[in-house]
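Please read the structure below before turning to the comments.
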Amino acid sequence: MRNAPLPLMLAILAAVFAFLYLPISVLVALSFNDGGLPTAWTGFSTRWYAELFSNADIIGAALNTLIVAVVSTILATLFGTLLAVGVEIRRRKGRFLETIIFAPMIIPDIVLAIALLSFFSLLGVTMGLHTIILAHVVFNLAFVCSVVRARLKTFDWSIVEASTDLGAPTLTTLRRVILPVLSPAIVAGALLAFTLSVDEFVIAFFTAGAGRASTTLPMQIFAMIRFGVTPEINALATIVMGISVLALTLSQRLNRGGLPGQ
Amino acid sequence: MTLLSLQNLQKDFGKMRAVDDVSLDIAGNEFFALLGASGSGKTTLLRMLAGFELPSAGRILLDGRDIAQIPPNKRPVNLMFQSYALFPHMSVAKNIAYGLEMEHLPRAEIRSRVGDILETIQLSALANRKPDQLSGGQRQRVALARALVKRPRLLLLDEPLGALDKKLRGDMQLELKRIQADFGITFIVVTHDQEEALVMADRIAILKDGALLQVGTPHDIYEHPTSRFAADFIGVMNFFPVHSDGTILRADDGTQIAAPIPPGLTGAAIAAIRPERLHLDGYASENALTARVTALAYHGLDLQLHVETPLSPRPVILRLTADQAESRAPRPGDTVTLGWSARDTRVFPA
Amino acid sequence: MRDRRPLYLMTPALGWLTAFMVVPCLLILGLAFFRRGLYGGIEYTLTWENIRLVFDPLYAGIFLKSAWIAGLSALIAVVLGYAAAYAIAAMPRRHQPLLLFFAVLPFWSNYLVRTYAWIVLLNREGLIVHLARLLGFEGELPSMLYTETAVVVGLVYNYLPFVILACYAPLSRLNPEVSEASRDLGAGGWTTFRRVVLPMTVPGIATGFTFVFVLSIGNFVTPALLGGGQFQMIGNLVYAQFLTANDWPFGAALSIFLIAIMMGLLTLQTFASEKASGGRNA
Ligand SMILES: Nc1ncnc2c1ncn2[C@@H]1O[C@H](COP(=O)(O)OP(=O)(O)OP(=O)(O)O)[C@@H](O)[C@H]1O
Ligand SMILES: [Mg+2]
């Protein structure tokens with residue numbers, strides 16, 4: 001690859017990055033356009049953001065999203081970390097186990113969504129924020145687990161044996177030896193789970209049940225988009241994008257191991 | 001007849017000068033070794049010959065034609081890479097056939113040439129294996145065959161035996177020499193193992209910090225090193241700090257040493273003597289010295305003796321053949337008389 | 001004793017996955033073989049009717065069209081993504097992590113938002129139409145939003161970062177001496193690419209293609225937003241069975257086929273990865 005023609009390579013990079021960033025940049029720019037229309041720049045303004053914050057529906061949806069994301073992240077981080085440690089301690093690697101852990105990350109979201117919808121309604125469970133949380137934990141714990149496992153691959157297990165040798169019971173070893181070493185990966189996994197949960201639409205849409213009470217931000221955005229292009233959506237989209245990017249950057253910083261899904 | 005001629009060849013990577021003003025003629029059919037420490041510019045020099053680096057200055061003439069601007073795929077020169085660089089997705093036979101396919105040779109010819117060379121390197125049975133199913137030595141031979149099968153004018157080998165164990169190395173050194181003679185192709189072999197260079201090469205060039213220090217036959221280089229570095233780099237050598245006034249050489253403790261002094265060398269200097277040129281019958285020699293044995297090391301064919309002398313803080317090493325050792329094996333603590341002749345002594349500026 | 005310990009660590013997660021993934025998915029599997037009730041709902045008599053219905057020309061057609069759109073998107077994404085990954089790998093090593101980071105960054109922003117960005121660009125009053133007017137186009141421009149092309153563009157846009165990531169991994173692990181060896185043996189730049197670099201990086205391509213295909217064929221957000229209401233892919237069909245038509249058994253049957261396609265592709269991809277380069281590049 002040292003022999004690749006440099007101008008061609010630079011041209012490809014420029015084209016691909018333009019393709020990736022132009023659409024979202026336009027969106028961000030328009031959210032600050034006073035007139036709000038794509039046809040004319042009428043000056044910088046944050047009025048659409050102000051309008052956003054006075055819209056009760058949106059504030060409500062944002063709160064719902066926050067509840068879902070926080071609760072599902074906490075549960076997923078707990079379960080996912082324990083799972084990762086458990087799987088890596090085992091010497092035998094089971095194919096079946098691996099499939100079950102991997103499945104939530106690759107199963108088409110629509111399939112999981114309708115499966116859960118059928119499941120909850122056949123059981124007669126009233127759906128709402130709690131069912132969204134139950135559903136989000138499913139894929140979130142798989143992602144946390146994969147991030148933590150990546151760290152455990154380079155983990156020196158002899159320190160665990162040393163701790164046991166020095167007389168510590170298993171749980172003490174876990175708390176005092178394993179967890180401190182893993183904590184950057186755990187936090188990175190949690191941030192990733194939080195981002196995924198904040199952004200998740202399809203599964204939330206199917207498991208939210210009837211009524212507006214459990215609308216999340218992505219559901220709100222979906223409804224607004226179907227209605228048409230408005231300056232408020234631009235502003236909302238910019239904020240949502242900003243949060244995800246921030247969380248991801250933070251997660252990368254903490255966990256130099258590379259992006260999940262790699 | 002000169003095949004390859006390098007003229008004031010130079011390569012800079014930014015501020016780093018990897019190859020420094022190298023001029024060298026290599027004859028057709030020669031087995032030439034490039035010897036140098038790690039980072040001395042051996043690979044860089046080969047990569048310029050193969051066409052992967054453009055020289056910063058100087059010329060590369062092959063059969064009198066300047067090839068510096070010719071891309072690697074158009075040069076009648078092949079390189080066997082230090083990492084072997086076998087194609088992992090192709091079988092042994094496909095790897096070897098690759099270069100011939102690039103010449104658009106008829107299928108039948110490709111098949112027969114691949115078959116022949118597999119025979120030569122004794123890998124016919126493994127023709128359909130993938131590289132990662134081979135041992136290190138087998139991979140090395142595939143890499144060699146892949147470059148050789150194209151019958152280049154010049155074959156460049158970058159540390160061809162570097163990854164092999166000691167025993168296999170010895171066998172392959174002779175094997176390489178036989179193959180080179182059979183094919184009648186000029187070889188330039190890079191190595192940092194001086195013993196290997198001495199065994200295989202018709203001529204050796206010593207590289208230091210990108211510059212040529214000395215070029216010559218193994219005998220020349222071993223017996224007549226022109227610098228202290230070359231003397232130290234090849235084989236084992238004993239050094240004594242001395243002082244020259246132009247005609248007489250004296251050690252630090254005043255002992256006079258008989259040696260041919262290079263014209264014009266005065267002041268601090270270094271005298272050097274090979275272990276096998278030292279003997280224990282000092283009284284009859286031009287140079288004689290009382291010494292005390294400190295250690296013995298058995299090496300199979302010979303016995304190495306470490307002795308303490310007033311000439312140098314470092315122990316002097318002395319090599320006795322098995323016969324000599326048997327007749328008179330000194331023991332640690334014994335006092336012996338070392339001797340050596342003036343013409344075996346080399347003197348270099350300090 | 002040693003094997004007990006991991007079990008209680010894994011129990012909460014495995015229990016959760018069993019309750020909220022395995023059981024619901026098995027439920028779907030079962031549902032597909034029951035009859036639809038008169039007013040929605042489910043009638044518990046066994047039938048092959050739903051499976052047969054999937055092969056009905058009307059629905060099989062939607063399957064084929066979805067596969068076509070997903071395949072086209074995956075193909076375009078792989079071509080663009082591979083080129084981008086190759087270009088990143090050709091840059092100086094110290095710049096590569098940052099380039100890669102920025103190539104993947106959009107992937108982690110909201111999917112709806114990224115799709116919405118294309119509505120902003122493509123709609124009747126959108127930026128592209130506006131630019132065209134400025135350049136002097138008169139009259140009615142052909143609609144760009146709510147077309148098959150818009151759906152493909154949206155899918156490619158959304159999944160391109162992943163393809164870049166997938167293709168970059170094997171490209172960056174490639175030993176540059178291997179392609180130099182090819183040049184040394186007489187191959188030109190293009191031949192070297194076709195016969196050495198490309199085959200050695202097939203695993204990345206297979207991963208990228210599979211990923212885009214699987215996520216596209218079951219997608220319902222992009223067709224719904226960029227394809228307009230009348231545009232149907234399997235995802236939309238499943239959506240409709242559950243949320244409007246109320247034919248859950250048929251929706252379940254469709255989902256099963258979706259999963260079958262996905263598993264088939266993943267198997268193929270694993271096979272492709274194992275075949276290329278025997279797994280390791282040296
Ligand atoms: N592409 C490059 N860019 C910058 N410096 C380089 C490059 N290639 C080689 N060098 C430098 O040039 C010098 C010579 O390197 P070279 O690889 O030729 O050494 P070598 O004699 O082959 O060493 P070894 O025995 O370890 O293989 C080294 O200091 C190396 O760091
Ligand atoms: Mg080298």
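Letters A, B, ... mirror the listed sequences (proteins, then strands); counts begin at 1.
In this structure, chain C has no heavy atom under 4.5 Å from any part of A/F139. For C/I164, the part sitting under 4.5 Å from any heavy atom of chain A is the side chain, from C-beta outward, and nothing else. For chain A, the nearby part of C/L31 is the side chain; its heavy atoms alone come within less than 4.5 Å. For A/L116, the parts sitting under 4.5 Å from any heavy atom of chain C are the backbone and the side chain alike. In this structure, no portion of C/F107 lies under 4.5 Å from any heavy atom of chain A. Of the two parts of C/L254, neither the backbone nor the side chain holds a non-hydrogen atom closer than 4.5 Å to a non-hydrogen atom of chain A. Of the two parts of A/S121, only the side chain, counted from C-beta on, holds a non-hydrogen atom closer than 4.5 Å to a non-hydrogen atom of chain C. With a threshold of 4.5 angstrom between heavy atoms, C/F102 approaches chain A through its backbone and through its side chain. Contacts between C/L225 and chain A at a heavy-atom distance below 4.5 Å involve the side chain alone, from C-beta outward. Contact of A/S118 with chain C is made through backbone and side chain together, with heavy-atom distances under 4.5 Å. Only the backbone of A/T230 has a heavy atom closer than 4.5 Å to any heavy atom of chain C.
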Verdict with reasoning, C/M91 to A/L10, per side chain to side chain contact (heavy atoms under 4.5 Å, CB included): CA-CA 9 Å; C/M91 294 294 131; A/L10 288 175; 3.7 Å; yes
Check the pair A/I106 / C/V214 against side chain to side chain contact (heavy atoms under 4.5 Å, CB included), numbers first and verdict last. CA-CA 9 Å; A/I106 51 161; C/V214 166; over 6 Å; no
In sequence, state the C-alpha distance, the side-chain angles, and the governing distance for A/V137 and C/W16, and then conclude on side chain to side chain contact (heavy atoms under 4.5 Å, CB included). CA-CA 8 Å; A/V137 172; C/W16 200 282; 3.5 Å; yes
List the steps and the verdict of side chain to side chain contact (heavy atoms under 4.5 Å, CB included) for A/F79 and C/L14. CA-CA 9 Å; A/F79 297 164; C/L14 291 182; over 6 Å; no
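Taken to the nearest 0.5 Å, the CH2 atom of C/W248 stands 9.5 Å off from the CD1 atom of A/I114. To the nearest 0.5 angstrom, C/L105 atom CG is 10.0 Å from A/L20 atom CG. Taking CD1 of A/I110 as the reference point, atom CE of C/M233 lies at 11.0 Å (rounded to 0.5 Å). Here the CZ-CD1 distance, from A/R226 to C/I119, works out to 10.0 Å after rounding to the nearest 0.5 Å. One distance of note links CG of A/L112 with CE of C/M21; it measures 8.0 Å at 0.5 Å rounding. Here CG of C/L9 is found 9.0 Å from CG of A/L83. Values are rounded to the nearest 0.5 Å.
Residues A/F222 and C/Y116 fail the side-chain proximity criterion, which asks for heavy atoms closer than 4.5 Å. Looking only at side-chain heavy atoms (C-beta outward), C/P12 and A/L75 stay at 4.5 Å or farther from each other. Put simply, the side chain of C/Y8 does not reach to within 4.5 Å of the side chain of A/L82, judged on heavy atoms. Looking at A/L97 and C/M10, their side chains come closer than 4.5 Å, going by heavy atoms from C-beta outward.
For an aromatic pair to be called close, the ring centres must be under 6.0 Å apart, and A/F19 with C/Y157 satisfies this.
Chain C forms the most heavy-atom pairs under 4.5 Å with one residue out of A/P218, A/A115, A/G242, and that residue is A/A115. Your options are A/L134, A/T195, A/V16, and the one with the most heavy-atom pairs under 4.5 Å with chain C is A/L134. Put simply, of A/I107, A/T238, A/I100, the one with the most heavy-atom pairs under 4.5 Å next to chain C is A/I100. Each of A/V198, A/N234, A/I221 has some count of heavy-atom pairs under 4.5 Å with chain C, and the biggest count is that of A/N234. Options C/W118, C/F193, C/Y111 differ in how many heavy-atom pairs under 4.5 Å they form with chain A, and the most are formed by C/W118. By number of non-hydrogen pairs under 4.5 angstrom with chain A, the leading residue of C/P24, C/A19, C/S109 is C/P24. Chosen from C/L243, C/I259, C/L121, the residue pairing most often with chain A at heavy-atom distances under 4.5 Å is C/L243. The residue among A/V240, A/I24, A/L22 with the most heavy atom pairs within less than 4.5 Å of chain C is A/I24. Contact tally against chain A (heavy-atom pairs below 4.5 Å) for C/N110, C/L17, C/V23: the top residue is C/N110. Each of C/A252, C/A84, C/P161, C/G15 has some count of heavy-atom pairs under 4.5 Å with chain A, and the biggest count is that of C/A84. Listed options C/S255, C/G189, C/G251, C/P97 were ranked by heavy-atom pairs under 4.5 angstrom with chain A; first place goes to C/S255.
Across A/L13 and C/A87, no two heavy atoms sit closer than the pair CG-CB, 3.7 Å. Smallest separation of non-hydrogen atoms from C/A117 and A/L27: CA-CD1, 4.2 Å.
Ring-plane geometry between A/F120 and C/F20 is classed as tilted, the angle between the planes lying from 30 to 60 degrees on a 0 to 90 degree scale. The aromatic rings of A/F201 and C/F220 are tilted relative to each other, their planes meeting at an angle between 30° and 60°.
The local environment of CE in C/M263 is sparse, with at most 12 non-hydrogen atoms from other residues, nucleotides or ligands closer than 6.0 Å.
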